[in-house]
Amino acid sequence: NAGVMQNPRHLVRRRGQEARLRCSPMKGHSHVYWYRQLPEEGLKFMVYLQKENIIDESGMPKERFSAEFPKEGPSILRIQQVVRGDSAAYFCASFFSTDTQYFGPGTRLTVL
Amino acid sequence: RKEVEQDPGPFNVPEGATVAFNCTYSNSASQSFFWYRQDCRKEPKLLMSVYSSGNEDGRFTAQLNRASQYISLLIRDSKLSDSATYLCVVTPSGGYNKLIFGAGTRLAVHP
């Protein structure tokens with residue numbers, strides 16, 4: 001059973017470009033969380049999605065950030081017009097019905 | 001005030017030492033409590049859940065004090081492989097499992 005997969009693992013963008021981060025949850029998991037970890041800080045909750053639904057986006061910045069989890073395919077975290085402050089590690093986690101969230105390896109975004 | 005606060009560290013200890021980490025949380029309605037381990041530039045991995053009765057897993061012992069809103073982790077007989085950042089994590093009340101992370105405490109075990 002493959003774990004949570006994220007791609008790309010590393011992403012470099014110039015200021016003003018768009019970043020798309022993908023997360024494939026574990027097989028059978030229909031819940032996905034996205035977290036962001038800024039350098040030297042803990043992980044911060046961004047958004048919680050179920051298939052085709054956004055359940056809680058209270059941690060998402062109000063502008064430029066969006067997330068989706070379509071019926072088919074991976075969950076996507078999209079950052080438009082990236083700025084240097086968006087440089088961080090972005091982790092997704094999936095779970096089925098227990099407390100345990102399984103984390104993907106993360107995508108490290110660098111904005112030049 | 002941060003929702004979850006931890007000792008800043010770093011803790012530098014010799015192999016075989018016993019080390020304790022502390023954590024406090026601000027929301028008295030928090031539901032679940034965990035310690036995660038994060039190696040450098042890797043994803044966090046669940047170390048253990050924490051219960052009011054205390055729980056032990058080999059060399060690791062975790063304790064929760066709901067009245068004081070305090071969580072602890074004790075590592076006995078430290079190994080070089082224990083070097084990592086330890087993250088205190090809580091979930092809020094409300095029916096689903098959003099994780100609230102502390103900033104982490106770095107542990108370095110040296111020979």
Side-chain angles (χ1 to χ4, degrees), chain A residues 2-7 9-11 21 23-26 29-50 53-60 67 69 87-110, chain B residues 1-10 21-27 30-52 55 57 62 64 71 73 84-107:
Chain A
V4 179
M5 294 189 290
Q6 290 187 248
N7 66 81
R9 295 290 304 277
H10 301 274
L11 182 61
L21 287 63
C23 168
S24 297
M26 288 181 72
H29 288 191
S30 57
H31 304 255
V32 166
Y33 287 83
W34 284 93
Y35 296 87
R36 176 166 69 172
Q37 186 172 31
L38 295 169
E40 305 301 319
E41 294 190 15
L43 280 77
K44 295 285 194 292
F45 165 79
M46 299 183 74
V47 62
Y48 166 39
L49 308 112
Q50 293 179 15
N53 286 303
I54 297 175
I55 306 302
D56 181 353
E57 56 182 347
S58 59
M60 290 278 269
F69 190 12
S87 295
Y90 292 81
F91 293 98
C92 77
S94 74
F95 77 99
F96 176 55
S97 63
T98 67
D99 283 345
T100 303
Q101 292 187 21
Y102 297 87
F103 281 83
T107 293
R108 297 196 175 272
L109 172 66
T110 301
Chain B
R1 183 185 172 187
K2 290 181 180 178
E3 291 187 78
V4 180
E5 298 205 62
Q6 297 186 239
D7 288 344
F21 302 139
N22 303 316
C23 167
T24 57
Y25 59 96
S26 60
N27 185 349
S30 296
Q31 247 178 355
S32 301
F33 309 88
F34 309 93
W35 284 101
Y36 275 73
R37 170 193 169 128
Q38 186 175 29
D39 293 287
C40 187
R41 303 185 71 80
K42 298 287 181 90
E43 72 273 24
K45 292 186 177 173
L46 178 65
L47 182 65
M48 59 198 305
S49 301
V50 189
Y51 306 108
S52 296
N55 48 303
D57 183 1
L64 166 65
I71 306 163
L73 176 68
T85 297
Y86 290 83
L87 305 170
C88 178
V89 183
V90 306
T91 63
S93 59
Y96 62 89
N97 300 319
K98 174 171 76 174
L99 300 179
I100 311 295
F101 285 82
T105 301
R106 196 178 309 168
L107 172 65

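Note that the coordinates shown come from a computational prediction; the quantities given were computed from them, not determined experimentally. Lettering of chains follows the sequences in order, A, B, ..., and the numbering in each one begins at 1.
Every residue two or more places apart in sequence or in another chain that forms a side chain to side chain contact (heavy atoms under 4.5 Å, CB included) with S87(A) is listed here: V111(A). In this structure D57(B) satisfies the salt bridge (Lys or Arg N to Asp or Glu O under 4.0 Å) test with no other residue, sequence neighbours excluded.
Note: Q37(A) leads Q37(A), Q6(A), E40(A) in heavy-atom pairs under 4.5 Å with chain B.
Side-chain contact check for Y35(A) and E43(B): no donor-acceptor pair (N or O, by modelled atom type) lies under 3.5 Å.
Both the backbone and the side chain of R41(B) come within less than 4.5 Å of a heavy atom in chain A. The contact between F91(A) and chain B is made entirely by side chain atoms (from C-beta outward), counting heavy-atom distances below 4.5 Å. For Q38(B), the part lying under 4.5 angstrom from a heavy atom of chain A is the side chain only.
Between Y51(B) and F33(B), the ring center distance fails the sub-6.0 Å criterion.
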